[in-house]
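Since the structure comes first, as structure tokens, the remarks are kept for the end.
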Amino acid sequence: MKKIRKILPLSIYDIPGIENWLEEQANLGLFPVFLNSWTTFTPTGIPGTRFRLVVKTGKENELSLEQQELFQKAGWRYAYSVSRIYFLFYTTDPEAAEIYSDLESRGFSLEPLQKRMISCRRRTLLLYSVLTAAVLWMLFFFKSKYDVQPDHSARFTLILLYLFQPGSLLVFVSAFWLWMQHLRDQRLFRRIYRALSQGMAPPPSKGPSKAIVRAQLIMAALLLLLVFSLFINRFDILNPWVNIPIERFFKPYISIQSIEHESVLPWEELFEEEPFGGKQENYAEKKFSFLAPTWYSVTQEAYSSQSGSKPNYFSPKPENGVERYAPDLDATYFNLLIPSLSRPTAEAQLDAYRLVNLEWNYAELSCPGLDFAIYGTEPDGIWQMLAIGKGTRVAVFRYAGREQLSEKLQTLSEAVN
Amino acid sequence: MNEKDRGPLTEPMFYTLMSFLHQEMCGIEITEFVAQKTHGRVLLGPGTLYTLLGKFQDEKLIEETQVTGRKCTYRLTVTGRKRTYRLTEKGRKVYLEELERLKTCVHDGEEALL
């Protein structure tokens with residue numbers, strides 16, 4: 001049978017409104033076979049049909065035969081259960097007495113739903129409080145046993161950038177919208193419940209609303225977008241913004257060769273084969289935040305073309321008894337929207353790059369033409385970090401190799417010029 | 001609405017409680033009793049009846065005495081079962097209080113006419 005789908009243009013708690021709307025649809029020859037935010041009709045409606053929603057008490061999912069018999073005796077037929085809230089009844093008999101003989105009893109019948117809404121509100125509040133507490137604890141109080149220099153507030157600016165990413169904003173906007181809709185529905189339901197319980201007619205429904213239909217459509221679109229973005233984020237292979245091979249990345253970055261004295265080459269070029277396990281060693285990743293319209297990181301690993309002479313723990317005789325020099329450079333580049341975020345962002349990224357089991361020392365370097373340069377070193381001297389900034393541009397480097405980043409300021413400052 | 005702020009009984013409430021005064025009743029019997037007693041003036045809609053039965057049970061004005069029929073174990077429901085209720089002492093007290101209130105109303109009304 002042909003099915004017609006319509007968006008419910010009313011709040012699910014606007015009981016008189018929904019009943020009137022269903023009656024209007026019946027007058028158009030449509031009968032609801034599924035009632036929810038997206039309602040399905042078949043062209044079997046009989047003009048003049050009356051519909052009534054009866055709130056579930058919460059104790060039963062289906063009507064008992066005795067109840068069905070009593071409703072039938074009164075001229076009403078049970079259609080089906082509408083989500084977890086209502087039972088839908090209808091009658092084509094204009095003489096059939098109303099399901100509720102008086103307004104008060106209809107008001108009392110809404111009590112279980114009112115109680116459920118209050119308990120749902122409490123549970124939601126509790127859930128959000130627990131979630132917020134857990135997130136705050138993770139961010140500001142969690143201490144890894146390996147972290148020798150924890151600084152809980154250091155990454156705050158970076159978190160702010162992540163919060164202003166389109167995906168995060170989408171989640172917040174959707175949650176806020178849903179919450180607003182929920183509040184609006186609750187207010188409407190409370191007004192209906194209060195009026196009926198006091199024996200007064202419920203406030204008249206505003207009737208079908210285009211705004212509610214639009215809201216449902218936008219919500220569906222947001223949900224689709226959210227699912228799509230989660231899917232893309234879950235599977236990196238589908239995400240065009242991560243693991244971009246460096247040869248196909250055209251944004252400016254500091255090449256590892258430009259800070260090395262000796263010639264270094266990527267693994268593939270040197271050995272003409274893929275690195276171990278096919279792992280990509282030179283790649284870029286793009287990010288976007290409304291606070292950092294330009295935000296990307298580049299990871300580079302290179303190998304000396306000359307064999308070394310020092311055996312290591314894993315390979316006592318690597319390459320016939322020699323070890324090869326292999327420097328590593330990770331860098332993140334930002335162009336921020338707000339200049340005052342530059343230094344905090346640099347410090348946050350330094351903390352994100354920090355190897356937590358090492359004790360780091362930081363020093364300010366002076367370099368003409370730069371707003372700041374923060375140089376981080378660890379006692380063994382293998383790893384170094386450098387953050388530089390000028391105006392809204394920031395670049396943060398983490399390097400493992402023989403060179404001293406402090407001596408390469410001139411070269412590295414090109415990243416922010 | 002709580003028991004404390006219930007206020008006077010509504011007409012359907014009063015007649016529903018009245019139906020239990022002399023015997024236990026099930027839903028259909030209550031509807032028939034009220035229609036008969038009021039000569040069709042008060043017709044208890046099925047929604048009203050089940051709302052009131054639930055409310056009275058919550059307030060312990062009536063209690064379930066018998067459930068006939070088979071419980072469907074494959075569902076979280078009691079489809080097919082017929083429930084019978086009786087008035088509790090508390091229910092009788094509430095009924096009598098309401099009766100007294102109505103008598104006072106009638107007395108006051110008649111007195112005002114003199």
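Lettering follows sequence order; numbering is per chain, from 1.
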Using non-hydrogen atoms and a limit below 4.5 Å, what part of residues 36-51 of chain B faces chain A?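 Counting heavy atoms that sit under 4.5 Å from chain A, the residues of residues 36-51 of chain B involved are B/Leu43, B/Leu44, B/Gly45, B/Pro46, B/Gly47, B/Thr48, B/Leu49, B/Tyr50, B/Thr51.
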
Is there any residue in residues 104-114 of chain B with a non-hydrogen atom under 4.5 Å from a non-hydrogen atom of chain A, and which ones are they?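 Within residues 104-114 of chain B, near chain A: nothing under 4.5 Å.
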
When every non-hydrogen atom of A/Glu66 is compared with those of B/Gly27, the smallest separation belongs to OE2-N, 3.3 Å

Residues, nucleotides or ligands: over 12 heavy atoms within 6.0 Å of A/Tyr80 OH: yes

For A/Trp177, does the CH2 atom sit with more than 12 other heavy atoms under 6.0 Å from it, leaving out its own atoms?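 Result for CH2/A/Trp177: enclosed.
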
Counting only heavy atoms closer than 4.5 Å, note whether A/Gln114 contacts chain B via side chain, backbone, both or neither.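 For A/Gln114, neither part sits under 4.5 Å from chain B.
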
Is the closest side-chain heavy-atom distance between B/Ile28 and A/Lys73 below 4.5 Å? yes

Flag the pair B/Lys55 / A/Glu111 as yes when at least one side-chain heavy-atom distance between them is below 4.5 Å, and no otherwise.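 Side-chain contact under 4.5 Å: yes.
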
Test item: A/Glu104 side-chain N/O and B/Thr10 main-chain N/O as donor-acceptor pair under 3.5 Å: no

Interatomic distance, A/Thr57 atom OG1 to B/Gln57 atom CD [nearest 0.5 angstrom]: 10.0 Å

Check each atom of B/Leu52 against the heavy atoms of chain A and say whether the ones under 4.5 Å are side chain, backbone, both or neither.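 Only the side chain of B/Leu52 comes within 4.5 Å of chain A.
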
